[in-house]
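First comes the structure, then the notes that go with it.
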Amino acid sequence: MPINQKIPTWFAVPAVFAVLSVISYQTLIVPENLEGAKNVLTMAKTIPIPVAGPESIEFDPKGEGPYAAVVDGRILKWRGDDLGWVDFAYTSPHRGNCSKTEVVPTCGRPLGLTFEKKTGDLYICDGYLGLMKVGPEGGLAELIVDEAEGRKVMFANQGDIDEEEDVFYFNDSSDKYHFRDVFFVAVSGERSGRVIRYDKKTKEAKVIMDNLVCNNGLALNKDRSFLITCESGTSLVHRYWIKGPKAGTRDIFAKVPGYPDNIRLTSTGDFWIGLHCKKNLIGRLIVKYKWLGKLVEKTMKLEYVIAFINGFKPHGVAVKISGETGEVLELLEDKEGKTMKYVSEAYERDDGKLWFGSVYWPAVWVLDRK
């Protein structure tokens, strides 16, 4: 008997579309499996925060904290379970219309946080205002750098300090986009990202690396002979040599299995990198083909871009790479996003605890590995 006599057309057509949809979803959308990953981030303790997006976390020279940079322009300090989160600092005096869930440009958007140990000053990379600083008592931060070599700092992202040389290095991720459009920076393929060296003594801001695609995290290595910075779109980790025979040159240090965000040095000299999410085929295609990225930028809302790249299932991932070779040492994840989502930073403390920040979610997490 012919097939069309067995199955009515009205049933066959939607059935075929359903099968194709499932195949397309599995092929294009579902994030890739990470070989060797440990699905242990589900065991982390969740510490809710009253404002979304603790993108970067930091501990002061006394070991207190963490401090968290949140979406409404403030830096909050964790005072323990009894006192909770308290105000510490803010980057903009304009506080009247700030939102706890969305970026308001006039309020600023603090991102990377770095304490200077010898002074207790906190350096803040604000995604709208530039490089800023606030003293140990907190309050309103002062602007330090908003221009380098004649070009405005549009998207200060993360930095690190060499206290012996009195030099601060930081990322300016784009000359077109601010933080709110960060994913468009990655998918558009535009190469305007740069690394800036700020000399605290001379007050000079000099570009030492350029032609980067959405350079996000940045950290110095243990002996301050080089720095690394990662591109969120390409997943490449670039190295810039500061000292030694290769000083002033750059190379590729590593490639990570996801879309990287902030970088933190460990006490042993290795690096933790927060990964926004794992990769899927549709994300790879958007990033690989510039014309497709431009099309996505012009036709899709940012929240849909984020959803597609996350596979419609926000999850948590962090990778530890060797400070000497760049090879992957550990991969930790919350595969289903049961506990962690949108991980932006992994910060290892000497007591063995791993702290995590999130670029969008209203929580930080701590995993006691002991």
Side-chain angles (χ1 to χ4, degrees), residues 45 47-51 53-92 108-127 129-145 156-170 198 200 217-220 222 224 261-269 271-272 274 344-359 363-368:
K45 175 185 176 182
I47 301 176
I49 191 166
V51 189
E55 198 266 357
S56 181
I57 53 178
E58 174 65 305
F59 294 82
D60 65 26
K62 298 177 182 178
E64 296 182 359
Y67 297 72
V70 293
V71 75
D72 70 353
R74 289 183 293 165
I75 292 88
L76 304 180
K77 180 181 180 180
W78 175 247
R79 296 294 304 275
D81 292 328
D82 291 336
L83 297 177
W85 295 96
V86 299
D87 285 4
F88 174 73
Y90 48 100
T91 56
S92 170
R109 191 359 172 157
L111 299 170
L113 301 178
T114 308
F115 269 107
E116 184 175 18
K117 292 181 176 61
K118 62 185 179 183
T119 65
D121 291 339
L122 176 63
Y123 284 82
I124 307 160
C125 290
D126 189 288
L129 305 176
L131 177 63
M132 312 191 78
K133 181 180 76 172
V134 70
E137 302 304 316
L140 178 61
E142 63 175 310
L143 182 64
I144 303 298
V145 181
N157 207 327
Q158 190 187 21
D160 201 357
I161 191 169
D162 185 334
E163 296 199 27
E164 291 184 4
E165 300 294 331
D166 274 340
V167 171
F168 193 88
Y169 299 89
F170 69 99
Y198 172 65
K200 293 171 57 186
L218 182 148
L220 291 157
K222 195 169 185 178
R224 283 9 191 185
D261 205 320
N262 291 343
I263 307 172
R264 287 292 187 179
L265 180 70
T266 72
S267 59
T268 58
F271 299 100
W272 277 105
S344 55
E345 186 166 292
Y347 192 125
E348 183 178 312
R349 301 283 286 156
D350 292 341
D351 60 6
K353 292 180 180 178
L354 264 175
W355 290 79
F356 299 86
S358 173
V359 67
V364 299
W365 302 273
V366 57
L367 178 68
D368 191 341

Do [X] and [Y] come close enough that some side-chain heavy atom pair is under 4.5 Å?
X	Y	answer
Ile57	Trp78	no
Pro66	Tyr347	no
Ile75	Glu58	no
Val134	Phe88	yes
Asp60	Pro136	no
Ser358	Val364	no
Leu122	Leu113	yes
Arg264	Gln158	yes

Just to verify, what does [X] make a salt bridge (Lys or Arg N to Asp or Glu O under 4.0 Å) with, not counting sequence neighbours?
X	value
Glu55	none
Lys222	none
Glu64	Lys77
Asp87	Arg74

Taking side-chain contact (heavy atoms from CB on, under 4.5 Å) as the definition, give me every residue that meets it alongside [X], ordered by chain and number, with sequence neighbours left out.
X	result
Asp82	none
Asp350	Ser267
Val167	Glu165, Tyr169, Arg197
Asp368	Lys353, Lys370

Quiz item: For Val145 and Phe168, what are the C-alpha separation, side-chain angles and deciding distance, and is it a side-chain contact (heavy atoms from CB on, under 4.5 Å)?
Solution: CA-CA 11 Å; Val145 181; Phe168 193 88; over 6 Å; no

Identify the two heavy atoms, one from [X] and one from [Y], that lie closest to each other, and give their separation to 0.1 Å.
X	Y	result
Asp160	Leu218	N-CD2, 3.8 Å
Gly138	Ala89	CA-CB, 4.3 Å
Phe170	Cys125	CB-SG, 3.9 Å
Gly120	Pro61	CA-CG, 4.0 Å

Rounded to the nearest 0.5 Å, how far does [atom2] of [Y] lie from [atom1] of [X]?
X	Y	atom1	atom2	answer
Asp166	Tyr198	CG	OH	10.0 Å
Asn262	Asn157	CG	CG	6.5 Å
Leu129	Ile144	CG	CD1	12.5 Å
Glu116	Ile161	CD	CD1	4.0 Å
Thr114	Ile124	OG1	CD1	9.5 Å
Arg109	Asp126	CZ	CG	9.0 Å

Quiz item: Is there a donor-acceptor contact under 3.5 Å from the side chain of Ser56 to the main chain of Ala69?
Solution: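 No, because the side chain of Ser56 does not come within donor-acceptor range (under 3.5 Å) of the backbone of Ala69.
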
Quiz item: Between the main-chain N or O of Asp261 and the side-chain N or O of Ser344, is there a donor-acceptor pair closer than 3.5 Å?
Solution: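 Looks like no, no N/O pair under 3.5 Å.
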
If the condition is ring pair (Phe, Tyr, Trp, His ring centres under 6.0 Å), which residues does [X] pass it with, not counting sequence neighbours?
X	answer
Phe115	Tyr67
Trp355	Phe59
Phe271	none

Practice problem: Write out all pairs satisfying side chain to side chain donor-acceptor pair (under 3.5 Å) with one or both partners inside residues 129-145, taking only residues at least two apart or from two chains. | Solution: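 Non-adjacent pairs meeting side chain to side chain donor-acceptor pair (under 3.5 Å): zero.
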
Exercise. Apply side-chain contact (heavy atoms from CB on, under 4.5 Å) to the pair Trp272 and Leu354, showing each step before the final yes or no.
Key: CA-CA 10 Å; Trp272 277 105; Leu354 264 175; 3.7 Å; yes

Quiz item: More than 12 foreign heavy atoms under 6.0 Å from NZ of Lys117: is that the case here?
Solution: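 Result for NZ/Lys117: open.
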
